[in-house]
Amino acid sequence: MRDLRDIDTVGVVGAGTMGAGIAQVAATAGYDVLMRDVEAEFVEDAFDRIEDSLDRLVEKGEVDADDRGAILDRIVGTTDLADFSQTDFVVEAAVENMDVKRDVFAELDEEVPDGVPLATNTSTLSITTIAAATEREDRVVGLHFMNPVPVMKGVEVVVGEKTSDEAVDLAHDFAEDLGKETWESDDKPGFVTNRILMPWINEGIRAFDEGVASKEDIDKGMKLGTNVPMGPLELADHIGLDICLDASETLHEELGDRYKPAYLLKRKVDAGDLGKKTGKGFYEYDEDS
Ligand code: 3HC
């Protein structure tokens with residue numbers, strides 16, 4: 001049975017917001033990290049985001065200034081999945097599309113040594129269906145990080161139909177070694193978090209669209225009224241409206257009409273207003289925000 005001591009090098013597939021965050025926290029915990037995306041430009045952008053995030057953490061005193069360089073040096077970028085033959089644990093954070101994830105997992109299964117566990121950061125898709133693209137279904141597990149990864153304390157461990165107890169234990173141990181706390185969910189659409197969060201966000205959007213209150217008052221009401229750090233509209237902008245729509249569509253498909261995405265969410269995504277990352281969602285953002 002594998003344990004944390006067998007993990008020196010962590011492979012991260014996908015260098016978007018989540019992949020970069022995962023690479024950062026793994027390197028901060030002392031692991032060597034191989035971070036892969038399909039284009040070198042995406043990998044470079046990820047390094048820029050990691051540097052920004054480390055600067056903020058250094059400023060807050062959460063990362064020692066002397067460690068900043070060593071953390072960055074532990075992360076190596078690549079566009080080649082064949083390099084993952086050197087990894088001891090893999091976290092996939094590619095786009096939230098089942099066909100893409102199954103292709104990535106089939107390729108990982110070829111490249112990554114047999115005993116190595118493969119985790120997916122999927123937010124709503126079935127771990128069991130992703131695992132079935134491999135010959136190692138017992139070693140495929142969900143490891144659902146929250147955005148922003150360097151700041152959020154929790155990680156959801158998701159147990160597929162064939163995931164072994166050993167893989168589940170290792171997923172908890174690994175996340176805890178990154179300084180996170182974990183909880184466990186069965187492989188049901190949206191798991192614990194997005195099953196409950198996405199209807200909350202969609203209801204906030206519907207309340208705005210139906211004129212219940214201004215967007216500011218909806219967010220203020222939920223923040224002050226229920227003591228959450230962000231209201232539903234600002235949180236949707238923070239997560240990305242495209243990500244919220246993808247997750248909501250999967251939930252709708254799997255669980256029926258009570259999960260129907262809000263009309264205004266679809267309209268915003270069609271218009272390309274995806275939230276903070278495009279400078280406009282429900283709110284407008286400049287470089288500094
Ligand atoms: N790296 C390092 N530090 C960061 C950071 C990053 N990427 N982003 C924010 N921070 C730090 C800031 O330095 C600041 O530190 P301080 O409070 O100690 O000074 C702190 O986080 C707060 O940042 P800001 O002042 O810029 O902004 P806020 O006070 O509004 O906090 C927030 C930002 C941490 C994002 C907070 O609003 C929050 O916790 N929001 C809720 C986020 C949430 O719910 N995430 C989960 C979404 S669901 C998900 O990810 C699942 C997926 O499947 C959809």
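The structure displayed is predicted, hence computed values, not measured ones. Note that ligands are numbered from 1 as they come in the structure, with each ligand's atoms numbered from 1 the same way. Quick note: residue numbers are just sequence positions, from 1.
Closest to atom 36 (C) of ligand 1, if we only count protein heavy atoms, is Pro229 CB, 4.2 Å. Looking at atom 7 (N) of ligand 1, its nearest protein heavy atom turns out to be Pro148 CB, 3.7 Å. For atom 37 (O) of ligand 1, the closest non-hydrogen atom on the protein side is Met230 CE, 3.3 Å. Of the protein's non-hydrogen atoms, the one nearest atom 48 (S) of ligand 1 is Leu197 CD2, 3.5 Å.
Selection from Gly190, Ser53, Cys244, Ser123 by nearest heavy atom to atom 6 (C) of ligand 1 gives Ser53. Among Val151, Thr17, Asn194, the residue whose heavy atom lies nearest to atom 4 (C) of ligand 1 is Val151.
There is no protein heavy atom closer than 4.0 angstrom to atom 28 (P) of ligand 1. In this structure, atom 50 (O) of ligand 1 is in close contact with the protein, since a protein heavy atom lies within 4.0 Å of it. When distances from atom 15 (O) of ligand 1 to the protein are checked, a heavy atom turns up under 4.0 Å. Atom 1 (N) of ligand 1 is approached by the protein to below 4.0 angstrom, counting heavy atoms only. When distances from atom 53 (O) of ligand 1 to the protein are checked, a heavy atom turns up under 4.0 Å. Of the protein's heavy atoms, none falls inside 4.0 Å of atom 22 (C) of ligand 1.
In this structure, Gln24 falls outside the shell of residues with a heavy atom less than 4.0 angstrom from ligand 1. Heavy-atom separations between Leu235 and ligand 1 include at least one value shorter than 4.0 Å.
Judged by the 6.0 Å and 45° rule, Lys215 forms a cation-pi pair with Tyr283. Within the cation-pi definition used here (under 6.0 Å to the ring centroid, within 45° of the axis), Lys280 does not qualify as a partner of Tyr285.
Contacts with ligand 1 closer than 4.0 Å are made by no heavy atom of Val149, backbone or side chain. Residue contacts with ligand 1, taken as heavy atom pairs separated by less than 4.0 Å, involve Asn147 via backbone and side-chain atoms alike. At a 4.0 Å heavy-atom cut-off, ligand 1 does not touch Thr124 at all.
For the pair Arg56 and ligand 1, the shortest N or O to N or O distance falls below 3.5 Å.
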